[in-house]
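Just so you know, these numbers use all the heavy atoms, side chains as well, and skip hydrogens, waters and symmetry mates. Order of the sequence lines sets the chain letters (A, B, ...), proteins ahead of strands, with each chain counted from 1.
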Number of protein chains: 2
Amino acid sequence: MAGPEGLERARREMEKHRLDALVASSLTNVSYISGTGFFTQVTHPDRLAFVVITRKQAPVFILCGIEEAQARAESWIEGIRPYVEFAESPIAVLAEELRTLGVSEGRIGVEKRHLAVTDWEPLTTALAQAELTAGDVLFDRMRSIKTLQEIELIAEASLATDAAIRSGFASARPGTTERELGEVMVAQCKSRGGEAVQHLVLASGTNGFKVHASPVDKPLQTGDVVRTDFGMTWGRYHSDLARTAFVGRVSRQQDRVYRQLERVHQAVIASMRPGVPCNEVYRLCGRLFEESGLRYDMPHVGHSIGIGTHELPMLHPYDESLLAPGMVLMVEPLIRAGDGLYHTEDMVEITQDGNRIRSRSSDWSSPFVIGPH
Amino acid sequence: MAGPEGLERARREMEKHRLDALVASSLTNVSYISGTGFFTQVTHPDRLAFVVITRKQAPVFILCGIEEAQARAESWIEGIRPYVEFAESPIAVLAEELRTLGVSEGRIGVEKRHLAVTDWEPLTTALAQAELTAGDVLFDRMRSIKTLQEIELIAEASLATDAAIRSGFASARPGTTERELGEVMVAQCKSRGGEAVQHLVLASGTNGFKVHASPVDKPLQTGDVVRTDFGMTWGRYHSDLARTAFVGRVSRQQDRVYRQLERVHQAVIASMRPGVPCNEVYRLCGRLFEESGLRYDMPHVGHSIGIGTHELPMLHPYDESLLAPGMVLMVEPLIRAGDGLYHTEDMVEITQDGNRIRSRSSDWSSPFVIGPH
């Protein structure tokens, strides 16, 4: 969250885009600016919340009355306008506040990637004199450069998640179930400050071909590949790391594929520095896998992270953004081998002259073998 | 999830609404029809998934290739059309499939409450000959009447959650922190089949005025009101119950307010039977609180539940739906007293001639006092 610094960033972007007002509506953008947000924005999407930013006036936070006490306790924004759910339309309240601020006939950025058609239709009617435009990209740009505090928080969460996965692998043995291993990882992560599970993909053997498989009551068997892609929340931020291990022993073929994955991963990261286009990083990854004789068919090889689990920029063929200092990229090559998916993921901070890997609490350059103890 | 039965329900609704096609896009509606869904539909909203239903042809499941293996393993739908993320537009793929099905110039219901403006704009262009209409209400109606299997699953989850909260309260004492109490409730719920925490509101003393407060490292103090509103997932379904307890002792005033809450709660439930309008139930609740001299200012007093945590109908002043057999309502009066929020919530199944409370594993008619042991 950027708080008042976020407001300044927003105003600089608004100036570039000649906007009179910018309206945050998604959980992530509302949280980024206000310092708070409500899980009901996701579970009850009709219960809209907005932060209205203008060039000079104090921001206005529109929210359902049910959330008022939390907002007053947690947000630095003083102008809070609660509405009564079902009795008042949040869209009508938004239009009214924009009128009060004198910008209802101006150029207004809204989150077109977030607002539903049922909200958009009455909004265009209520603001018939305004020029409504997509404001999403302004938030994307603000959030793509992390504050120092954000970088340290994400790095701390990443290192803790890495250590938790390592502890989980170290505690397991052939016969441990996927579910048991997952529970150790979660408990280890909690003991290091993780709060709630954001995603826990964990699969062994043939289960492993599902990209987003949940752990089940299946015992790990000697010879299995085990893959996890795991993240928890730290306040409003997320961790997200992937690791691959082998049960009981590692075959020559598994060792070869794992080391190729790791080699490509390190070479891709080594290419990342300010000025390099994101899609060039993606293409390099594909080329290196091809040269190793491995099939690479994932649509992206990484993404930024923050209040959201996937933030921009992303390392995919159509993202032409240039890497810049202060960006954080989760780099995550994943390949399909004959016996499962091999996957690794690390947090890479773009620095003035290159990058730093911020998520390795121990050495993953060789295959990790689970038990027998 | 209703699987093929859901398809039949959808077709009956489509006939009533004269639709040639109905397109599910939200996680809940995609899951309801297909039997599977992807958490990335929520965390990565750009990664769209659709189930396309026509009057006679087999349904088509459009999804990101990353999710293909899961869909093939879990869904009964055979017609799966994966798209390559970033390279293909899911909206263009949807339009193409509707053309292949011969309905691209027909009347098509889409989820206007779910589709974002950025998806809606290209969709209206790609389907310029179609009549696009809001299909949300068809799904609302299908899902409002639960199958027998759904009712039993929600009842089982509700009873387990109730027992877990009771165990948590019974294990606590003055000095136990909110966070510790929350952890016991979660562990107890998991031991009874709960999978992941959906929401865990838990607050004591003055923290209690936030409607959605998370548990913190604050010890319970003698005299505190403790309120929890807690739910976990059971497969794709949810539990959601609220309970209120008192630490160390219960004052005469606390006892009085608690018993009034419980009395109003039981009287509201007693009024619920087929044919009664939802808003009448809400109004009765407000009237009963008023007669007890208690201020009631919540915008709703209950909601259905299922794959979503809030489903329709809802018990609020503007929902005129009539209660019907097979509906499930979570009835949850909440009042603000001087020392915190008092809240209770139960699962009520509407039967042929009245209703059944399905969530009380023990007696909550008297105030529950936490320790000292």
Q. With chain B, which of Lys190(A), Glu85(A), His199(A) has the greatest number of heavy-atom pairs at distances under 4.5 Å?
A. Glu85(A)
Q | Working for ring-ring contact (aromatic ring centres under 6.0 Å, His included), residues His212(A) and Phe39(B) | A | CA-CA 9 Å; His212(A) 292 133; Phe39(B) 70 81; 5.1 Å; yes
Q. Only one of His303(B), His238(B), Glu311(B) forms a side-chain contact (heavy atoms from CB on, under 4.5 Å) with Met330(B), so which one is it?
A. His303(B)
Q. So which part of Arg47(B) gets closer than 4.5 Å to some heavy atom of chain A, the side chain, the backbone, both or neither?
A. side chain
Q. Top residue by heavy-atom pair count (under 4.5 Å) with chain B, among Ala196(A), Ser214(A), Ala69(A), Ala134(A)?
A. Ala69(A)
Q) Do Glu195(B) and Thr233(B) have side-chain atoms, one donor and one acceptor, less than 3.5 Å apart? A) no
(Q) Given heavy-atom pairs under 4.5 angstrom as the criterion, report whether the side chain, backbone, both or neither of Glu121(B) touches chain A. (A) side chain
Q) Thr28(B) versus chain A, heavy atoms under 4.5 Å apart: side chain, backbone, both or neither? A) neither
Q) Would the Tyr282(A) and His316(A) ring centres measure less than 6.0 Å apart? A) no
Q: With a 4.5 angstrom heavy-atom cut-off, could you sort out which part of Glu67(A) is near chain B: side chain, backbone, both or neither?
A: side chain
Q. So which part of Val197(B) gets closer than 4.5 Å to some heavy atom of chain A, the side chain, the backbone, both or neither?
A. neither
Q. Are the side chains of Met185(B) and Thr228(B) in touch, meaning some heavy atoms are under 4.5 Å apart?
A. yes
